[in-house]
Amino acid sequence: VDRMLVADGAGVMAMVTLQGGVFLTAFALALGATNYEIGLLTTIVFASQFMQIAGLGLLKWWPKRRAWVVLLCGLSRLTWVFIILIPVLFRQRGMTFLLQWLLVAALVGAMAGPAWNSLMRDIVPEKVRGRFFARRLAWGTGLALVCTLLGGATIDWWKEAFPDWAQYGYSALFTVGLLFGLASLCAVARLPETTMAKQHDDSVAGQLLMPLRDGNFRNLLWFIAIWSFAVNMAAPFFVVYMLNRIGLSVFMVTLFVVLSQLSNIVFLSIWGRLADRLSNRPVLAFSGFLFLLAVLAWSFTTLPERHAMTIPILIVIHLLSGMSVAGVSIASGNIALKLSP
């Protein structure tokens with residue numbers, strides 16, 4: 001089980017790296033995206049989370065969690081075939097098609113959320129969750145690091161070698177990401193299909209309201225809501241800022257992302273051990289504070305133009321970001337699993 005979960009985590013991280021972040025933003029800019037459309041790319045991901053309610057209904061109708069994850073995530077990832085084909089078939093309406101198919105992929109994929117979270121709650125013992133998820137994230141981040149470096153170098157080389165076909169380079173990366181995503185589902189398909197525990201209130205409405213009766217869970221929901229709002233007001237535009245405002249190349253931007261990923265890998269095991277030893281709340285509080293410092297530091301990268309300290313400040317920002325995101329990811333995920341029946 002451990003090996004399958006680690007393999008799945010690595011595959012998903014590689015897929016997300018090659019189909020998101022720097023590469024998705026750069027692809028959108030190559031298609032002529034406006035700042036509003038860049039914001040929509042991120043908004044789609046969060047708006048789609050309401051489909052988890054539909055996923056809960058599907059799980060109530062047929063309580064086979066592993067099967068739903070494989071089916072829904074498989075359909076979501078195969079939707080990327082249409083995005084890959086944008087430079088070939090849909091170039092004239094590229095940005096419209098990108099937003100449309102990203103929305104479809106996100107809506108379908110989000111429905112797998114309840115099944116996946118519930119399955120993880122059952123098959124990963126509570127006493128080792130901090131260390132296990134830290135190891136899973138570390139392997140995934142390590143593979144993502146390699147994909148980021150190779151992807152950035154590939155895009156810059158492709159632009160020089162085939163300047164009239166630059167968008168095809170992104171399609172190539174998206175294709176590799178799709179293969180990683182499908183491979184990860186092969187690992188999920190080999191996980192045990194455990195029997196779900198029967199709830200006292202078996203209705204969908206009752207299951208949705210049950211967590212709200214727990215004061216600690218309400219606090220967690222408030223934290224996640226406010227945190228997501230604050231972070232995602234700015235985070236989608238960091239890559240745009242480095243590419244357009246500071247004038248860095250795609251490969252240079254990917255180097256900073258790699259730096260953040262290295263910092264993330266180093267601190268995942270540290271945060272994981274601290275969460276198991278001290279509890280998750282202090283880890284969440286301290287790492288969240290570090291992330292806010294990193295966001296604030298972006299204000300000093302141009303004063304008002306690029307200056308001698310721009311690159312050193314970017315280095316500090318990405319070190320702090322990787323360190324803090326590792327802590328927030330481990331602690332918030334563990335708290336949610338611990339509080340959930």
Show the nearest heavy-atom pair for residues [X] and [Y], with the distance to one decimal.
X: Leu137; Y: Ser329; result: CD1-CB, 4.3 Å
X: Met95; Y: Leu31; result: N-CD1, 4.1 Å
X: Leu274; Y: Val283; result: CB-CG2, 4.0 Å
X: Ala275; Y: Asn280; result: CB-OD1, 3.3 Å
X: Cys73; Y: Leu185; result: CB-CD2, 3.7 Å
X: Arg273; Y: Arg131; result: CG-CG, 4.4 Å

Expected output: side-chain [X] to main-chain [Y] donor-acceptor under 3.5 Å:
X: Ser76; Y: Leu72; result: no
X: Thr79; Y: Leu75; result: yes
X: Gln167; Y: Ala30; result: yes
X: Ser48; Y: Val45; result: yes
X: Ser263; Y: Met323; result: yes
X: Ser299; Y: Leu296; result: yes
X: His307; Y: Phe300; result: yes
X: Thr25; Y: Val22; result: no
X: Glu193; Y: Arg66; result: yes
X: Thr254; Y: Phe251; result: yes

Student check: side-chain heavy atoms of [X] and [Y] closer than 4.5 Å:
X: Arg65; Y: Asp122; answer: yes
X: Phe97; Y: Leu89; answer: no
X: Ile38; Y: Thr34; answer: no
X: Leu284; Y: Ser332; answer: yes
X: Tyr241; Y: Ile246; answer: yes
X: Val188; Y: Met4; answer: no
X: Phe256; Y: Ile311; answer: yes
X: Ser249; Y: Asp156; answer: yes

Just verifying a value: how many Å separate [X] [atom1] and [Y] [atom2], rounded to the nearest 0.5 Å?
X: Thr175; Y: Ile84; atom1: OG1; atom2: CD1; value: 3.5 Å
X: Leu293; Y: Phe289; atom1: CG; atom2: CZ; value: 4.0 Å
X: Gln49; Y: Ile44; atom1: CD; atom2: CD1; value: 12.5 Å
X: Met242; Y: Ile317; atom1: CE; atom2: CD1; value: 8.5 Å
X: Phe50; Y: Ile53; atom1: CZ; atom2: CD1; value: 7.0 Å
X: Ile313; Y: Trp298; atom1: CD1; atom2: CH2; value: 11.0 Å

Side chain to side chain contact (heavy atoms under 4.5 Å, CB included) between Leu98 and Leu24, worked out:
CA-CA 10 Å; Leu98 176 61; Leu24 181 60; 4.1 Å; yes
Establish, yes or no, whether a centroid distance under 6.0 Å links the rings of Trp68 and Trp62.
yes
Determine whether the aromatic ring centres of Tyr170 and Trp158 lie less than 6.0 Å apart.
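Centroid distance Tyr170-Trp158: not below 6.0 Å, so no.
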Using the rule given for ring pair (Phe, Tyr, Trp, His ring centres under 6.0 Å), can you reason through Trp157 versus Phe162, listing the C-alpha separation, both sets of side-chain angles and the distance that settles it, and then say yes or no?
CA-CA 8 Å; Trp157 170 82; Phe162 311 103; 5.8 Å; yes
Yes or no on side chain to side chain contact (heavy atoms under 4.5 Å, CB included) for Val124 and Phe133, after CA distance, side-chain angles and deciding distance?
CA-CA 9 Å; Val124 180; Phe133 283 113; 4.0 Å; yes
Is the count of non-hydrogen atoms from other residues, nucleotides or ligands lying under 6.0 Å from [X] atom [atom1] greater than 12?
X: Arg245; atom1: CZ; value: yes
X: Trp227; atom1: CH2; value: yes
X: Phe286; atom1: CZ; value: no

Identify whether [X] and [Y] are in the same connected component of the hydrophobic contact network (ILVMFWY, side-chain heavy atoms under 4.5 Å).
X: Val176; Y: Leu102; value: yes
X: Met111; Y: Phe46; value: no
X: Val266; Y: Phe291; value: no
X: Leu145; Y: Leu259; value: yes
X: Phe238; Y: Leu248; value: yes

So which residues get pulled into Ile226's cluster when ILVMFWY side chains under 4.5 Å apart are joined, directly or through others?
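Members other than Ile226 - counting any ILVMFWY side chain reachable under 4.5 Å - are Trp222.
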Given the rule in the side chain to side chain donor-acceptor pair (under 3.5 Å) test, do Arg77 and Ser184 qualify, once you have shown the distances and angles that lead to the verdict?
CA-CA 11 Å; Arg77 292 167 193 181; Ser184 76; 2.8 Å; yes
Parallel, tilted or perpendicular: rings of Phe267 and Trp271 (30°, 60°):
tilted
Look at the aromatic rings of Phe82 and Trp101 and report parallel, tilted or perpendicular, splitting at 30° and 60°.
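Phe82 vs Trp101 ring planes: parallel.
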For Val239 and Leu29, run side chain to side chain contact (heavy atoms under 4.5 Å, CB included): C-alpha distance rounded to whole Å, both residues' side-chain angles, the deciding distance at 0.1 Å, then the answer.
CA-CA 11 Å; Val239 172; Leu29 292 173; over 6 Å; no
Show the atom names and distances, to 0.1 Å, of all donor-acceptor pairs under 3.5 Å that link a side chain in residues 7-20 to residues at least two apart or in another chain.
| from | atom 1 | to | atom 2 | distance (Å) |
| --- | --- | --- | --- | --- |
| Asp8 | OD2 | Arg136 | NH2 | 2.5 |
| Thr17 | OG1 | Met13 | O | 2.8 |
| Gln19 | NE2 | Phe174 | O | 3.1 |

Against Leu320, only a single residue in Leu290, Val325, Val295, Leu292 fulfils side chain to side chain contact (heavy atoms under 4.5 Å, CB included); can you say which?
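Going through the options one by one, the only one that passes is Leu290.
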Could you walk me through whether Arg213 and Met210 pass side chain to side chain contact (heavy atoms under 4.5 Å, CB included), step by step?
CA-CA 6 Å; Arg213 302 188 186 109; Met210 182 172 57; 3.9 Å; yes
